[in-house]
Amino acid sequence: MAITEIYHTMLFHVLFITLWSCAITSAQTFDYVIVGGGPAGLTVANRLTENSSITVAVIEAGTFPEDVLGNVTQVPGYVGELSSGPEVFDTNIEWGFMTTPQPSKNGTSVIYPRAKTWGGCTSINSMAYARSAIGAYQFWADTVDDQSFTYDNLVSYYKKSMNFTPPDNETRFANTTPSYHVSSTAEGGPLAVSYPSYGTAFSTWVAKGMAALGLPQTFSAIDGILSGSGYLLLTVNHPNGHRASAETQFLRPYLDRPNLFLFNETLAQRIIFNGEKVATGVEVTTASTTYTISAAKEVILSAGVFQSPQLLMVSGVGPAATLEEYDIDVVADRPGVGQGMDDHLFVPVVYPVNLENIAVVTEDVIDEFNNEAIGALTTTGSDYVAFERIPTSLQANWSVETTEFVSSLPADWPTSQYLILPGALAGTPETDIVYSTLMPALIAPQSRGNVSISSSSMSDPPLINPNWLATTADQELILATVKRARQFMTSEAMSGVVIGEELAPGPSVQTDAELLKYIRETFVYMCHAHSTNKMGNSSNPMAVVDTTGKVYGVENLRVIDASIFPFLLPGPAPQTHIYMLAEKLADDIKNDN
Ligand SMILES: Cc1cc2nc3c(=O)[nH]c(=O)nc-3n(C[C@H](O)[C@H](O)[C@H](O)COP(=O)(O)OP(=O)(O)OC[C@H]3O[C@@H](n4cnc5c(N)ncnc54)[C@H](O)[C@@H]3O)c2cc1C
């Protein structure tokens, strides 16, 4: 189907369900009521409605992304237009959240992108797909006292979603062939995963630079090993090269299920509890009409890392002192709600390169994509990544605090990630020079932030405090990681492509103090926020949910989304783990009922 046809089909569909849901002003009852149509919510809805005798309602505040942005979300090469910029921020596909003033950003508030649309953030994200490290999963299992979270026990849930297509090495440059193990892949799941039809020229040089400094191309993204370097998988459809989001893969092909009910452009206002603290439904607003959607079995929150804790709090589940401050009746005093936000960040390191500028989108490039699904628009550009524990030579000046923190991590948890971006992500480059960026990233952050409320209403934004770079360990780790990125870019192996002085941080930025200043001014958070309603066992007072997502202190209420991870797993692709966790917990729900 051509992109324009999809767009018109979706427009009709949206119109239909909006009118339909507006007509419901009295209570309707479904077996399960899910709040949030992101990857977690849509995976659970999809699996539960496989059984035609189970009814499921999904409440989503946004609408279909194609209705707002046409085909922009579908083209991997247009990803840069989705995550930032006033054009997107001003549309109703984005929540428009700002953080609280951040000391690490000189006391300013910054935009924190969150999608408001079917598919959630998978409709606007960078599509990276990868599993984490085996030791990190063991740490998860031990932290929550449940050995079903070891890598070996989770692999089947990663595979359940996956529909892998091998790379098309005919269309990629000969020296951009990815390496992977077929045994780690799976076919037949809803989520299309593949390597784009185009490998960037910059990646071939970075691969050489990485290998020369001890990070050979051994990484395959889906083996449970985060070390070495390699090509990154994307959630893209084959053969058309379009984005594979939760909306396109877990919802759109299943719209005709008669037991699946969608509430489009509908804001969940609060969870309704009866006198026995049993969740019985959700109060919602569509347009200006407020009504109740009732759940015969369970209410499931999948509203994401910021709004699931917000919805719990405005409904009376959270830290009692916060609830009382806003005159909210306390249903369950759970001090862990909103606590422990965990996030990744990176810093741009930019050099001029002797390469073609693939950011220039010509008519030919568009035709290649539309007619043959090949060329630069099939990739986000960030196609090569590396991981390591920082070498000892760069640990020389570390504080005891940093050394102790790093040694407390599982042995295979890398401190550092390096992702490429053909193009300049910092500075003001001259137009006739082509730049490329290496993005050294902190993927073992020690700092934790939090989410709270500013009122008792879901119509007011949550208070988001990421608290980035608050500890000495975080600052020393990212400092060492940026220094290491400079080593790669100035290595002999890359001298054939790097053709001049560093654009950013720039030659004048040399001392640790200068580099740290640069880091604070330019770091970019990766929008991977997690862990604001942590899972844990019942003896942990800060645990919000058990390992099946059930909320402590109340009945018939689960949370299933990024907020319930005990911590953010290392790696470039949290969506991968969210799909996996939703698959696992959907099985738990089926087994419970
Ligand atoms: C710019 C960007 C780039 C990213 N890049 C990558 C990447 O390359 N790879 C990767 O793995 N991850 C990436 N991520 C992260 C990943 O997409 C998210 O971690 C993931 O989508 C979170 O899933 P979720 O289901 O927890 O919540 P979300 O995806 O946030 O979905 C929550 C849904 O709930 C809805 N909702 C919220 N509150 C309400 C309410 N009160 N009523 C009704 N509906 C509500 C929202 O509108 C949204 O649709 C990126 C994220 C962003 C923003």
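None of the values given here were measured: they were computed from a predicted structure. When a ligand or atom number is given, it counts from 1 through the structure's own listing order.
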Taking distance alone, with N or O pairs closer than 3.5 Å, would you say Ser126 contacts ligand 1? yes

Given Val337 and Asn533, is the side chain to side chain contact (heavy atoms under 4.5 Å, CB included) satisfied, shown in steps? CA-CA 5 Å; Val337 174; Asn533 289 314; 3.7 Å; yes

Steps toward salt bridge (charged side-chain N to carboxylate O under 4.0 Å, His left out) verdict (Arg252, Glu66): CA-CA 12 Å; Arg252 201 188 295 175; Glu66 294 82 358; 2.5 Å; yes

Can you see whether Thr548 engages Asp588 through a side-chain donor-acceptor pair at a distance of less than 3.5 angstrom? no

Is the closest N or O pair between Val305 and ligand 1 shorter than 3.5 Å? no

I'd like the name of whichever of Met526, Glu265, Gln310, Gln575 reaches closest to atom 11 (O) of ligand 1 through any heavy atom. Gln575

Side chains of Thr481 and Ser416, donor plus acceptor under 3.5 Å: yes

Side chain, backbone, both or neither: which part of Thr266 has a heavy atom under 4.0 Å from ligand 1? backbone

In terms of relative ring orientation, are Phe97 and Trp95 parallel, tilted or perpendicular, with 30° and 60° separating the classes? parallel

Using a 4.0 Å cutoff against the non-hydrogen atoms of Gly120, which atoms of ligand 1 qualify? 29 (O), 31 (O), 48 (C), 49 (O)

Sub-4.0 Å atoms of ligand 1 with respect to non-hydrogen atoms of Gln307: 37 (C), 38 (N)

Quick one about Ser161 and Glu583 (side-chain donor to acceptor, distance below 3.5 Å, no hydrogens or angles considered), yes or no? yes

Trp95, portion touching ligand 1 at heavy-atom distance under 4.0 Å: side chain

Does either side chain, that of Gln249 or that of Asn237, offer a donor lying less than 3.5 Å from an acceptor on the other one? yes

Checking heavy atoms under 4.0 Å, the part of Glu60 that sits near ligand 1 is both

Any idea which part of Ala246 is under 4.0 Å from ligand 1, heavy-atom wise: side chain, backbone, both or neither? neither

Could you tell me whether Asn125 approaches ligand 1 through its side chain, its backbone, both or neither, with non-hydrogen atoms closer than 4.0 Å? both

Heavy-atom gap Gly62 to ligand 1 smaller than 4.0 Å: no

Parallel, tilted or perpendicular, judged at 30° and 60°: which one describes the rings of Phe567 and Trp140? perpendicular

Ligand-residue contact atoms, ligand 1 with Ala115, heavy atoms, under 4.0 Å: 46 (C), 47 (O), 48 (C), 49 (O)

Considering only heavy atoms of Pro113, which atoms of ligand 1 have at least one such atom less than 4.0 Å away? 53 (C)

Backbone, side chain, both or neither: what part of Gln269 comes under 4.0 angstrom of ligand 1, heavy atoms only? neither

Ring geometry between Tyr195 and Phe164 (parallel below 30°, tilted from 30 to 60°, perpendicular above 60°): perpendicular

Test your reading of the structure: does Gly41 have an N or O sitting under 3.5 Å from an N or O of ligand 1? no

Before signing off on this row, confirm whether Lys116 and ligand 1 have an N or O atom pair separated by under 3.5 Å. no

Counting from 1 in the order shown, the ligand 1 atoms closer than 4.0 Å to a non-hydrogen atom of Asp561 are 26 (O)

Give me the ring orientation class for His577 and Tyr137: parallel if the planes are under 30° apart, tilted from 30 to 60°, perpendicular past 60°. perpendicular

Looking only at N/O atoms, are Leu267 and ligand 1 under 3.5 Å apart anywhere? no

Between the side chains of Ser308 and Asp561, does any donor sit under 3.5 Å from an acceptor? yes

So if I count the atoms of ligand 1 from 1 in the order they appear, which ones are less than 4.0 Å from some heavy atom of Ile59? 43 (C), 44 (N)

Note: Met458, heavy atoms under 4.0 Å from ligand 1, region reported as side chain

Heavy-atom proximity to atom 26 (O) of ligand 1, best of Ala562, Ser123, Ala529, Gly36: Ala562

Looking at Val44, Thr576, Ile578, the heavy atom closest to atom 22 (C) of ligand 1 belongs to Ile578

Looking only at non-hydrogen atoms, which of Gly37, Gly38, Cys121 approaches atom 30 (O) of ligand 1 most closely? Cys121

With no hydrogens and no angle check, just 3.5 Å: does a side-chain donor-acceptor pair link Gln102 and Asn467? no

For Glu50, check salt bridge (Lys or Arg N to Asp or Glu O under 4.0 Å) against everything at least two apart and list the hits. Arg47, Lys590

Quick one: does Leu311 get a heavy atom under 4.0 Å from ligand 1? no

Give yes or no for whether the N/O distance cutoff of 3.5 Å, strictly under, is met between Val35 and ligand 1. no

Run down the list Cys527, Ala61, Pro572 and name the one with the heavy atom closest to atom 15 (C) of ligand 1. Cys527

Hey, which atoms in ligand 1 end up nearer than 4.0 Å to a heavy atom of Ala573? 9 (N), 10 (C), 11 (O)

For Tyr525 and Tyr112, run ring-ring contact (aromatic ring centres under 6.0 Å, His included): C-alpha distance rounded to whole Å, both residues' side-chain angles, the deciding distance at 0.1 Å, then the answer. CA-CA 9 Å; Tyr525 34 97; Tyr112 202 115; 5.2 Å; yes

Arg243 side chain to Thr73 side chain, donor-acceptor N/O pair below 3.5 angstrom: no

Between the side chains of Thr290 and Thr285, does any donor sit under 3.5 Å from an acceptor? yes

